[in-house]
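What follows is a set of notes on a single structure, which appears directly below.
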Amino acid sequence: MPFQIRQRFINEIITHALKLCLNCYGNYVVQYVVELENQQVTEALVVQLLGSYAYLARNKYGSHAVQKLLQLKSINTRLIVNDLVQEIDTLLLDPFGNYVIQTAWFVSKDDVRQMLRWHIERNIRLMRCNKFGNKILERLNI
């Protein structure tokens, strides 16, 4: 595929990333773009989805795309985690969001992990009464 056509195709994927992430097949398209390991493309995708990470994390398909982005070594996960923290109370108890928070925990550096720990400990009583919250507590040994 010629470079210009490929670039136009990638730009369209980035533009429509939110809608694609929520689709049972479209999320694979977004994950494929992430796997291209093009720093500029990945950064554009991360910025495009800012403000939507918590929404995506609560979605069966969107959560996979968020986890894929969090697992990249080439990006600053702090941007995504800061976005997730805005709605962490619901994510900790969510069937899909709890996996995203677990991924965020395991890929984050110490300062971001401390922030996550603070939010988890603040919600620990509610989490103990919820099977998804308990999954996080067990997996993180808290």
Side-chain angles (χ1 to χ4, degrees), residues 1 3 5-142:
M1 182 183 304
F3 177 77
I5 294 172
R6 182 176 182 210
Q7 196 57 41
R8 188 170 160 204
F9 188 59
I10 289 172
N11 288 340
E12 286 296 315
I13 292 169
I14 291 170
T15 300
H16 300 285
L18 179 58
K19 191 174 186 178
L20 288 168
C21 284
L22 297 171
N23 182 276
C24 62
Y25 302 111
N27 81 89
Y28 290 111
V29 174
V30 174
Q31 289 183 61
Y32 173 77
V33 169
V34 170
E35 290 170 359
L36 293 175
E37 295 185 7
N38 179 319
Q39 186 69 25
Q40 186 178 359
V41 169
T42 303
E43 287 175 6
L45 186 58
V46 168
V47 170
Q48 178 71 23
L49 294 173
L50 272 177
S52 302
Y53 287 107
Y55 176 65
L56 290 170
R58 289 189 308 268
N59 178 273
K60 180 178 182 176
Y61 307 111
S63 63
H64 296 298
V66 176
Q67 286 178 285
K68 182 68 111 182
L69 285 167
L70 283 168
Q71 292 167 340
L72 289 176
K73 304 278 187 241
S74 61
I75 65 160
N76 181 358
T77 58
R78 179 185 300 275
L79 283 173
I80 297 172
V81 173
N82 282 341
D83 205 26
L84 292 169
V85 165
Q86 302 303 313
E87 297 184 41
I88 197 163
D89 298 353
T90 58
L91 294 176
L92 292 170
L93 306 176
D94 187 81
F96 307 111
N98 83 86
Y99 289 108
V100 173
I101 296 301
Q102 288 177 51
T103 301
W105 173 275
F106 287 114
V107 302
S108 294
K109 304 257 186 285
D110 291 337
D111 57 330
V112 176
R113 192 176 282 182
Q114 271 308 113
M115 176 181 59
L116 286 170
R117 176 180 281 281
W118 183 85
H119 284 285
I120 290 168
E121 288 176 350
R122 188 172 59 82
N123 285 284
I124 206 161
R125 290 181 67 200
L126 282 174
M127 293 172 71
R128 288 195 200 285
C129 300
N130 177 284
K131 73 177 184 177
F132 304 113
N134 267 324
K135 277 186 183 182
I136 294 175
L137 296 174
E138 289 172 13
R139 186 103 192 274
L140 306 183
N141 294 318
I142 296 178

Please lay out, stage by stage, how Asn134 and Glu138 fare under the test side chain to side chain donor-acceptor pair (under 3.5 Å).
-> CA-CA 6 Å; Asn134 267 324; Glu138 289 172 13; 5.5 Å; no
Would you please test Leu69 and Val66 for side chain to side chain contact (heavy atoms under 4.5 Å, CB included) and show each step?
-> CA-CA 5 Å; Leu69 285 167; Val66 176; 5.8 Å; no
In sequence, state the C-alpha distance, the side-chain angles, and the governing distance for Glu43 and Gln39, and then conclude on side chain to side chain donor-acceptor pair (under 3.5 Å).
-> CA-CA 6 Å; Glu43 287 175 6; Gln39 186 69 25; 2.7 Å; yes
Stepwise side chain to side chain contact (heavy atoms under 4.5 Å, CB included) check, Asp94 with Ile101 | CA-CA 10 Å; Asp94 187 81; Ile101 296 301; over 6 Å; no
Going through the distances and angles, do Tyr28 and His64 end up as a side chain to side chain contact (heavy atoms under 4.5 Å, CB included)?
-> CA-CA 9 Å; Tyr28 290 111; His64 296 298; over 6 Å; no
Take Arg8 and Glu12 through the test salt bridge (Lys or Arg N to Asp or Glu O under 4.0 Å) and record every step on the way to the result.
-> CA-CA 6 Å; Arg8 188 170 160 204; Glu12 286 296 315; 5.6 Å; no
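Under a 3.5 Å cut-off, the side chain of Arg58 and the backbone N or O of Gly97 do not form any donor-acceptor pair. Looking at Asn98, its side chain never comes within 3.5 Å of a backbone N or O of Leu93 through a donor-acceptor pair. In this structure a side-chain-to-backbone donor-acceptor pair under 3.5 Å is missing from Asn123 to Ile120. Although no hydrogens or angles enter the test, the distance criterion places no donor-acceptor pair under 3.5 Å between the side chain of Asn23 and the main chain of Lys19. Under a 3.5 Å cut-off, the side chain of Tyr53 and the backbone N or O of Val46 do form a donor-acceptor pair.
The CG atom of Leu36 sits 7.5 Å away from the OG1 atom of Thr42 when rounded to the nearest 0.5 Å.
Atom OH of Tyr32 has 12 or fewer heavy atoms from other residues, nucleotides or ligands within 6.0 Å.
If you check the side chains of Asn27 and Gln31, you find a donor sitting under 3.5 Å from an acceptor.
For the pair Leu56/Val100, no side-chain contact is recorded, criterion being any heavy-atom separation below 4.5 Å from C-beta on. The closest side-chain heavy-atom distance from Tyr55 to Leu22 is below 4.5 Å. Annotation: side chain of Gln71 is not in contact with side chain of Thr77 (no heavy-atom distance under 4.5 Å). Residues Val107 and Val112 are not in side-chain contact: their nearest non-hydrogen atoms beyond the backbone lie 4.5 Å or more apart. In this structure, Leu49 and Leu45 have side chains that are in contact, with non-hydrogen atoms separated by less than 4.5 Å. Phe106 has its side chain within reach of Leu140: a pair of non-hydrogen atoms, C-beta onward, lies under 4.5 Å apart. At least one side-chain heavy atom of Ile14 sits less than 4.5 Å from a side-chain heavy atom of Val41. Using a 4.5 Å heavy-atom cutoff, the side chains of Val81 and Met115 are in contact.
Residues Gly51 and Asp83 approach most closely at N-OD2, 2.7 Å, considering heavy atoms. The nearest pair of heavy atoms linking Arg113 to Ser108 is NH2-O, 3.7 Å.
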Show me the donor-acceptor pairs, under 3.5 Å and distance only, between side chains in residues 124-132 and residues at least two apart or in other chains.
| from | atom 1 | to | atom 2 | distance (Å) |
| --- | --- | --- | --- | --- |
| Asn130 | OD1 | Phe132 | N | 2.7 |
| Asn130 | OD1 | Gly133 | N | 2.9 |

